[in-house]
Undergrad: 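I have a structure I would like to understand better, so I am pasting it below and will then ask my questions one at a time.
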Amino acid sequence: MEGLLRLRLALVFSVVAHLSLLVRSSSLSSPELQIVNAERRIDLTSHIVRVYLTLKVENAGTSPASEILLAFPPTQVDRIALVKAAATVGKKKKKKSHLPLDVNPIALPVAPNGTKHFAISLSNPLGVGESETLEVFYVLTHSLEPFPVEISQSESQLVHYHDSAIILSPYLIKQQITVIKTPSTKVESFTKVELTDRAGTEIKYGPYDERPPYSFSPVIVHFENNNPFAVVEELVREVEISHWGSLQITEHYKLVNAGARHKGIFSRVEYQSRQSLSGVSSFKHLLARLPPRVHSAYYRDDIGNISSSHLRTDSRKSEMEIEPRYPLFGGWKATFVIGYGLPLQDFLFESPDGRRYLNFSFGCPLAETVVDKLTIKVVLPEGSQNPSAVVPFPVEQHLETSYSYLDVIGRTVVVLEKENVVPEHNSPFQVYYNFNPIFMLAEPLMLASAFFLFFVAYVAYLHIDLSIRK
Amino acid sequence: MEATENGKGSTLRYAFGNVLSFFILLLIGILAFSIRLFSVIKYESVIHEFDPYFNYRVTQYLTKNGIYDFWNWFDDRTWYPLGRVIGGTVYPGLTLTAGTLWWILNSLNIPLSVETVCVFTAPIFSANAAWATYLLTKEVKGTGAGLMAAALLAMVPSYISRSVAGSYDNEAVAIFALISTFYLYIKTLNTGSLFYATLNAIAYFYMVCSWGGYTFIINLIPMHVLLCIVTGRYSSRLYIAYAPLVVLGTLLASLVPVVGFNAVMTSEHFASFLVFIIIHVVALVYYIKGILSPKMFKLAVTLVVSVGLVVCCAVIAVLIALVASSPTKGWSGRSLSLLDPTYASKYIPIIASVSEHQPPTWPSYFMDINVLAFLVPAGIIACFLPLSDASSFVVLYIVTSVYFSGVMVRLMLVLAPAACIMSGIALSEAFDVFTRSIKFQLPGVSGNDAVKTDKNEDSVKERPSKKNKKKEKENVEKASIKSQIEKRLLVLPLEASVIAILLLVLLGAFYVVHCVWAAAEAYSAPSIVLTSYSHDGLHVFDDFREAYAWLRHNTEVDDKVASWWDYGYQTTAMANRTVIVDNNTWNNTHIATVGTAMSSPEKAAWEIFNSLDVKYVLVVFGGLVGYSSDDINKFLWMVRIGGGVFPHIKEPDYLRDGQYRIDSQATPTMLNCLMYKLSYYRFVETDGKGFDRVRQTEIGKKYFKLTHFEEVFTTHHWMVRIYKLKPPKNRIRGKAKKSKSKASSTTTSRRSGTRKKNPWH
């Protein structure tokens, strides 16, 4: 296993080295833009890598530019969960405000070494000679590789992080600096290139001047990170709307500790008596942030209720602290289901054109978890029509039909699927649909008529004499 | 004029009585269902205990793969490497019932999970059983007794213990099937209708599908028939009640794969065929008697008897030879241990090791049937006043079931309905007598009125069937006037009757209180999750599921887990891992192999387990929290069962002066066996002394290392510990030779013994 990893590392190194060599020779980017000042802060404190990038872009060309490109190495691009950009409006610090901009992946005809690009669409084109400050925020998942890959119960978890000391960009960067923040001061090693500095929990690369486009300088940081690497491999959230006044949510989790795999024995006596030393990278609590006014919450798995959970509710939020049946060491898995009910009036509204819409939060309620595959199923009441979903980021959508209590025609289910979901995706989405309230009475009427028919049949039976001989 | 008015009034009262008893029955059904929900309310909606997990797993398979796959299911996840043919070795009644329920619900688009359906099957069938009891007792002694018996059965603790929500076991539906079979038998006996006889055969078929206890029916009914014949109560109704049951019932029973040809081959069914022959002979005799003159008849009798005796002797000799040729005399072990209560403990430790196969203690009678135990004799007396075919049947039923319950705790369940029926009859008769006494003596109530009300009550009580009620009513009216005069003489003093009624009500109240307590406290614990109340509130021990969930998610799908057989069903159902032995104890040798491994020293045990492809060993240990039914307490049975097949395991080696102990006085064999080591590995580090809270002693050997096993998981309260077999070491030529010679010099005899006896080498 270790050999394989080394091989992979070597491969990454060679690719990266090639990149840096080749890139210098050919400059393919649009020549008219350049970055005056770039500052990158990489936050490695949890297992989700968050990168804050501040760019000051200047148009040194001859025509106005409406798009600014961000470049990512191909190894990173699959792990990007989210890219957000905002333009800073207002010069002075006090009046500063951020204007969110659209970011979309874009395939350039020629990209050196398979570099992938994202395009930031500016709200108003950048005129010649003008400059603008952009705040870019992106999130990487599965980017911390445990090394060693397997640890025993008493060891703490060390991970690798690969990146470049120089910001990969299609533009010339006049001045740049990169700061990497680690969770603790325990850093095993980090690549030393020119102008590398380490202070406390921060490693600083730069400042570098006048780097040509597509410059790359691979660095590796090897450090201790004992934060829970909680990854939900698959999450299915079912939101069932009942117009009788409640919203029923059922969430099926497949949780795994994606950190360094646990090796050898698990000793309960050590785990219980030496909590600070033993199983530091394991976790046994998870916090689910649920909407306020949650009722009838449950937490169970295939084989029954899991008794270790606490629900705290107040007027603004509900917090459910859940504890899997056993502490999750690296590589250990657990599956469970969380379900709860919510009052309908908090989430279902009527739009001005008479349609109803559900406004609900996308993403996983568990704090600081990555969801590899998230499926949201919004089960609309029977008889609803023309469903459409509005989600602030690209998701896969399709419709299904499900049958629940005494359904005849079935309920329309809007299915939204997204991969690589991080807590930053917890923003509201809407599902619009048409619904005639008369359908609410369908099932009670059906039941009533069934009972009526039964009694009529019984009365009829009592009055029929089928005997042949009197 | 008066007569018509009277008639109108009585019809109204009649209808009122029907509606009233309908609602009472409905309430009894609700009571039977809801008293069993304590386990869901106090704990959760979950399958209980051990066997229900197997039934649940089979039901899941049935609902997923359909009925044909179910019949052909070869289960390779249990009894590794032998496997088990589920379709042919399981009583399918319960599974098919729950599967059908689930299928109906799902086709109505009611999305209940299989688990939910399984959990609530038992309460639903308890309500059905209560209604069946009503019908049965009504046939015997009238509506009043029927309602009383149904109410008593709805909450009898013995039945509750087997049918709380989640207790998804065969008995849950089998008791209903048992009572309905009896009801239909009595109904046929009372009416002589072939329709009911056919229904009876079908009910019997359902019973055969549901539970091995069907042999009780197929022996009890012939006994009753024989009793009727002997006491000169033979009638054509008896013939119709019995002959179709034997023919149809046996044919249907042999359709059930698990019974198959046993329905005609084993001695359990022998009595029914013998009585079948006898009833035909008797029928023939009655027929011939009818067509011949008495003189001719006498002649014929002597002729037939002399010839018949010779033939009978020959047939019986052949039969005895056949039966004697089989080692168990054609009886299964469990049946034999019923006939001879000491049989199991002598020959089959595996049957004796199950606690529910032990004879009950006196308190358990009080616990399980409570005041019914005192009411039963009164009921028996009431059944003799007057004795009818039906009442003689229930008397026979109670007598035999009292005997069987005395042999095995588990069969208390068969006694419970009989006790309820008897007590229902007793209470109803007692109330009848007392209220009549009060009625006759109350001032202001004229005798005429009393006669009228009584008349109506009687007619309600003895209403035989819907079709010919008018004719019957006339008869009853005539008869009741006559009986009124007789009854007037049996009047008790007013004060005595009032006090007696009060006392009876008190007795009933006591019964209800006890039943509710039993349902809520004693019998609702699911046993896979334990709770205890301490000063800081409720404490939950959910260790079993913790361990099973860990196995399910963190081991390979095809890994084999070895544990004592008690946990086999749960491991396959909850952890979905292959087990070596489970609660279907069909292969004694295999269980003995596991028992031997558990009682062997580490190396020998490792070899046995390794030869069985075992990767994980699971032990249950209660020493830390004081959970008393753990493996150390069951260990002597492992030694006994293991020693029964592999004689090098000797029980005295594990006992010090005949005492089982694990403290410093324990024998070295005990302190070195695998079970001891796996249970107490690093236990001393919890409190520094190694104090076992179940045995209330400090353990004998505190510090030791495991050489062939490694701890991979221990649950939060240490109740389940899972060990992994260490992989075999690479063989280094020079060293291996040396160590081998060294080892063989020290423990030659034992090692070679283990080698030889281990069946997998």
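The figures that follow rest on heavy atoms only: side chains count, while hydrogens, waters and symmetry mates do not. Each chain gets a letter, A, B and so on, in the order the sequences are listed, and its residues count up from 1.
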Undergrad: So which part of A/Gln272 gets closer than 4.5 Å to some heavy atom of chain B, the side chain, the backbone, both or neither?
TA: side chain

Undergrad: Just verifying a value: how many Å separate B/Phe709 CZ and A/Ile265 CD1, rounded to the nearest 0.5 Å?
TA: 15.0 Å

Undergrad: Please check if the number of heavy atoms outside A/Lys263 that lie under 6.0 Å from its NZ is greater than 12.
TA: yes

Undergrad: Give a yes or no on whether A/Lys333 atom NZ has more than 12 heavy-atom contacts from other residues, nucleotides or ligands under 6.0 Å away.
TA: no

Undergrad: Apply salt bridge (Lys or Arg N to Asp or Glu O under 4.0 Å) to B/Lys689 and list each qualifying residue two or more places apart in sequence or on a separate chain.
TA: none

Undergrad: Tell me the closest heavy-atom pair linking B/Glu546 and A/Tyr326, and the distance in Å.
TA: O-CD2, 3.7 Å

Undergrad: Given side chains that start at C-beta, do those of A/Arg268 and B/Arg721 come closer than 4.5 Å, heavy atoms only?
TA: no

Undergrad: Given heavy-atom pairs under 4.5 angstrom as the criterion, report whether the side chain, backbone, both or neither of A/Ser402 touches chain B.
TA: neither

Undergrad: Would you mind reporting whether B/Ile722 and A/Phe266 have side-chain heavy atoms less than 4.5 Å apart?
TA: no

Undergrad: Kindly assign one of parallel, tilted or perpendicular to the pair B/Trp550 and A/Trp332, based on the angle between their ring planes and the thresholds 30° and 60°.
TA: perpendicular

Undergrad: Could you report the tightest heavy-atom contact between B/Glu711 and A/Ser267, atom names first, then the distance?
TA: OE1-CA, 3.7 Å

Undergrad: Which answer fits B/Glu685, side chain, backbone, both or neither, if we ask what part of it has an atom under 4.5 Å from a heavy atom of chain A?
TA: both

Undergrad: Do the non-hydrogen side-chain atoms of A/Val269 and B/Phe683 ever get within less than 4.5 Å of each other?
TA: no

Undergrad: Among A/Asp407, A/Asn305, A/Val408, who wins on heavy-atom pairs under 4.5 Å with chain B?
TA: A/Asn305

Undergrad: Look at the side chain of B/Glu44 and the backbone N and O of A/Ser307, then say whether any donor-acceptor pair between them is shorter than 3.5 Å.
TA: no

Undergrad: Identify which of A/Gln153, A/Glu270, A/His262 forms the greatest number of heavy-atom pairs closer than 4.5 Å to chain B.
TA: A/Glu270

Undergrad: What pairs with A/Asp372 under salt bridge (Lys or Arg N to Asp or Glu O under 4.0 Å), at least two apart in sequence or on another chain?
TA: none

Undergrad: Heavy atoms under 4.5 Å from chain A: which residues of residues 107-118 of chain B carry them?
TA: B/Leu108, B/Asn109, B/Ile110, B/Pro111, B/Leu112, B/Glu115

Undergrad: For the residue pair A/Ala334 and B/His553, what are the closest heavy atoms and their distance?
TA: CA-CD2, 4.0 Å

Undergrad: If you draw a 6.0 Å radius around CD1 in A/Ile438, do more than 12 non-hydrogen atoms from other residues or ligands fall strictly inside?
TA: no

Undergrad: If you count every heavy atom of other residues, nucleotides or ligands that lies below 6.0 Å from B/Phe38 atom CZ, does the total exceed 12?
TA: yes

Undergrad: Please determine whether a side-chain nitrogen of the Lys or Arg among B/Arg545 and A/Asp301 lies less than 4.0 Å from a carboxylate oxygen of the Asp or Glu.
TA: no

Undergrad: I need the residue from A/Asp302, A/Val256, A/Ile306, A/Thr335 with the largest number of non-hydrogen atom pairs under 4.5 Å to chain B.
TA: A/Thr335

Undergrad: For A/Glu251, enumerate each residue passing the salt bridge (Lys or Arg N to Asp or Glu O under 4.0 Å) test, keeping only those at least two apart in sequence or located in another chain.
TA: A/Arg237

Undergrad: Strictly distance-based, threshold 3.5 Å: is any side-chain N or O of B/Asp542 a donor or acceptor partner for the main-chain N or O of A/Arg325?
TA: no

